[in-house]
Amino acid sequence: MIKKEWEEKGFVNEPIPEGIDLVSEIRKMCKDKNAIIMAHYYTEGVIQDVADFVGDSLALAQKAAATEADIIVMCGVHFMGETNKILCPNKTVLVPDLNASCSLAESCPADKFADFVAQHPEHTVISYVNTTAATKAVTDVVVTSTNARQIVESFPADEPIIFGPDRNLGGYINSITGRNMLLWDGACSVHEKFSVEKILQLKAEHPNAKVLAHPECKGPVLKVADKVGSTAALLKYSIHDEATEFIVATESGILHEMQKSAPEKTFIPAPPNDSTCACNECAYMRLVTLEKLYNTLKYEWPVIEVDAEIIEKAVRPINRMLEISKKLGL
């Protein structure tokens, strides 16, 4: 297939030779090309198992920047590839499918967000890491779901703040800090679908189970959770807590690592409030397949490109977050 057709599809659509051991070939290419594979917790288990590092988006980008690899393959969604490129501008950053977008990042177009920021010139702009590079470029400081509360509380109590793009995470931070941040009206389509009713039904069926919820979920869901935290925080809690059953209200890809880390425990995915779908998977994350990963390494495409001016502007709020985190001892 010619390159033009690949570009139209957004991924390399070459057929895989019959009988090939994809995992072995992928690992061999990584060695030969000095490449590393980063996989987000929300990708399929087979992708996580073949990766060099598995984790949250920013942690993966930081890990990539610290390696000596020439090629970074980011198995996740598009903005994660951009974040890798921002922190690794001199490395080649690949993604298995350019179509793997993010509903949360898409809910905050950079031009509209910039207009919103311009309408509130006295506000400090805090953006969740789940944004495009262009949106980060109009941000003062980036946060993760792990450090959002501490970063927000590092500013004076009366400081006017814009928080974007996730209204649920921002609302949660407002509720636990007493702040009144101005929230951009964006959300993750997967986390928006969880309902208190269905979680409570599961809880009735599993009375000893603890509820784990990501702060991208709606407020009522967070109120019934035993633990609210990032994917990494929920994973850690599930491993070390004495409970043996957990109802997990986040993208179901995390259950793979939870089950690997605590095989003796039971993990139950919270279903979405959608009668047409029994799963809580991110369709974008599921675009990343082993076959596409193989072709991505073989042909070294698709490549993530970020304008140098955007990189220069987008790295500043990330560095500011790291500086604040260091001061706070996070």
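- Within the 4.5 Å cutoff, the side chain of Thr250 has heavy atoms near those of the Tyr42 side chain.
- Checked by atom type and distance alone, the side chain of Gln48 pairs as donor or acceptor with a backbone atom of Thr43 at under 3.5 Å.
- Between Ile324 and Ser154, the shortest heavy-atom contact is CG2-OG, 3.7 Å.
- Proximity of a side-chain donor or acceptor of Asn280 to a complementary backbone N or O of Ala249 within less than 3.5 Å is not detected.
- In this structure, Leu182 and Phe116 have side chains that are in contact, with non-hydrogen atoms separated by less than 4.5 Å.
- The backbone N or O of Pro269 sits nowhere less than 3.5 Å from a side-chain atom of Ser252 that would complete a donor-acceptor pair.
- What you find for Glu281 and Val190 is that their closest heavy atoms are O-CG2, 3.8 Å.
- Note: Asp241 CG to Lys236 NZ = 12.5 Å, rounded to the nearest 0.5 Å.
- In this pair, His123 and His120 present their aromatic rings perpendicular. The plane angle is above 60°, beyond the 30 to 60° band.
- A heavy-atom distance below 4.5 Å is found between the side chains of Asp49 and Lys260.
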Q. Taking it one step at a time, do Leu287 and Lys292 satisfy side chain to side chain contact (heavy atoms under 4.5 Å, CB included)?
A. CA-CA 9 Å; Leu287 291 177; Lys292 289 177 184 175; 4.2 Å; yes
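- Residues passing the side chain to side chain donor-acceptor pair (under 3.5 Å) test with Asp185 are Arg167, sequence neighbours excluded.
- Contact record, Lys218 with Asn168: CA-OD1, 3.8 Å, taken as the closest heavy-atom pair.
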Q: Decide side chain to side chain contact (heavy atoms under 4.5 Å, CB included) for Phe155 and Met181; before the verdict, give the C-alpha distance in whole Å, the side-chain angles of both, and the deciding distance to 0.1 Å.
A: CA-CA 12 Å; Phe155 289 92; Met181 297 186 296; over 6 Å; no
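- Of the possible donor and acceptor atoms, none in the side chain of Thr92 sits under 3.5 Å from a partner among the backbone N and O of Glu300.
- We find that Asp52 and Lys63 are not joined by a salt bridge, their nearest charged nitrogen and carboxylate oxygen being 4.0 Å or further apart.
- Taking all atoms of both residues into account, the shortest heavy-atom contact from His206 to Glu245 is ND1-OE2, 3.1 Å.
- Ile36 and Leu60 end up in the same hydrophobic cluster when Ile, Leu, Val, Met, Phe, Trp and Tyr side chains are linked at under 4.5 Å.
- Here the CG atom belonging to Asn130 is positioned 6.0 Å from the CE atom belonging to Met80, to the nearest 0.5 angstrom.
- For the salt bridge (charged side-chain N to carboxylate O under 4.0 Å, His left out) test, no residue two or more places apart in sequence or in another chain qualifies with Glu159.
- When atom types are taken as modelled, the side chain of Glu44 and the backbone of Val46 share no donor-acceptor pair closer than 3.5 angstrom.
- Following chains of ILVMFWY side-chain contacts shorter than 4.5 Å, one can reach Val93 starting from Met285, so the two form part of one hydrophobic cluster.
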Q: Apply the test side chain to side chain contact (heavy atoms under 4.5 Å, CB included) to residues Phe79 and Thr131: give CA-CA distance (whole Å), side-chain angles for both, the deciding distance (0.1 Å), then the verdict.
A: CA-CA 6 Å; Phe79 84 80; Thr131 51; over 6 Å; no
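- Residues Glu291 and Leu22 have side chains in contact (heavy-atom distance under 4.5 Å, counting atoms from C-beta outward).
- A distance-only check finds no donor-acceptor pair linking the side chain of Lys203 to the backbone of Val211 [under 3.5 Å].
- Of the residues Phe163, Tyr128, Phe113, the one that meets the ring pair (Phe, Tyr, Trp, His ring centres under 6.0 Å) test with Trp184 is Phe113.
- Nearest approach of Phe267 to Ser238, heavy atoms of both residues: CE2-CB, 3.6 Å.
- Ile26 and Val12 fall within the same hydrophobic cluster, where Ile, Leu, Val, Met, Phe, Trp and Tyr residues are linked whenever their side-chain heavy atoms come under 4.5 Å apart, directly or through other members.
- Ile268 and Ile239 fall into different hydrophobic clusters, where Ile, Leu, Val, Met, Phe, Trp and Tyr side chains are chained together by heavy-atom contacts under 4.5 Å.
- Of all the heavy atoms in Glu14 and Asn295, the pair that sits closest is O-ND2, 3.0 Å.
- Distance check, rounded to the nearest 0.5 Å: NE2 of His40 to OG1 of Thr231 gives 5.0 Å.
- Heavy atoms of other residues, nucleotides or ligands lying less than 6.0 angstrom from CD of Glu18 number 12 at most.
- Between the side chain of Gln259 and the backbone N or O of Glu264, no donor-acceptor pair lies under 3.5 Å.
- No continuous path of ILVMFWY side-chain contacts below 4.5 Å connects Val125 to Val129, so the two sit in separate hydrophobic clusters.
- Checked by atom type and distance alone, the side chain of Glu251 pairs as donor or acceptor with a backbone atom of Cys282 at under 3.5 Å.
- A heavy-atom distance below 4.5 Å is not found between the side chains of Ile247 and Leu212.
- A salt bridge is defined here as a Lys NZ or Arg NE, NH1 or NH2 lying under 4.0 Å from an Asp or Glu carboxylate O, and Lys136 with Glu82 fails to meet this definition.
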Q: Any chance you could lay out the side chain to side chain contact (heavy atoms under 4.5 Å, CB included) test for Leu58 and Met321, step after step, and finish with the verdict?
A: CA-CA 11 Å; Leu58 184 61; Met321 177 198 69; 3.0 Å; yes
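- Counting heavy atoms from C-beta outward, Met258 and Leu234 have side chains that approach closer than 4.5 Å.
- For Pro317, the side-chain contact (heavy atoms from CB on, under 4.5 Å) partners are Thr139, Val142, not counting sequence neighbours.
- By the side-chain contact (heavy atoms from CB on, under 4.5 Å) test, Glu312 is found to be paired with Arg316, residues two or more places apart in sequence or in another chain being considered.
- In this view, Glu323 satisfies the salt bridge (charged side-chain N to carboxylate O under 4.0 Å, His left out) rule with no residue, not counting sequence neighbours.
- Remark: Lys313 NZ is loosely packed, at most 12 non-hydrogen atoms of other residues, nucleotides or ligands lying under 6.0 Å away.
- Rounding to the nearest 0.5 Å gives a distance of 11.5 Å between CG of Asp70 and SG of Cys88.
- For the pair Cys75 and Ile37, the minimum side-chain heavy-atom distance is below 4.5 Å.
- Within the model, atoms NZ of Lys198 and NZ of Lys193 stand 11.0 Å from one another, a figure rounded to the nearest 0.5 Å.
- Taking Phe194 as the reference, nothing meets the ring-ring contact (aromatic ring centres under 6.0 Å, His included) condition, with sequence neighbours excluded.
- Atom CD of Gln119 has more than 12 neighbouring heavy atoms from other residues, nucleotides or ligands inside a 6.0 Å radius.
- Atom CG of Asp32 is surrounded by more than 12 heavy atoms from other residues, nucleotides or ligands within 6.0 Å.
- Within the model, atoms NZ of Lys210 and OH of Tyr237 stand 3.5 Å from one another, a figure rounded to the nearest 0.5 Å.
- Under the 4.5 Å side-chain criterion, counting only non-hydrogen atoms from C-beta, Thr296 is in contact with Val73.
- In terms of modelled atom types and a separation under 3.5 Å, the side chain of Arg149 and the main chain of Thr177 share no donor-acceptor contact.
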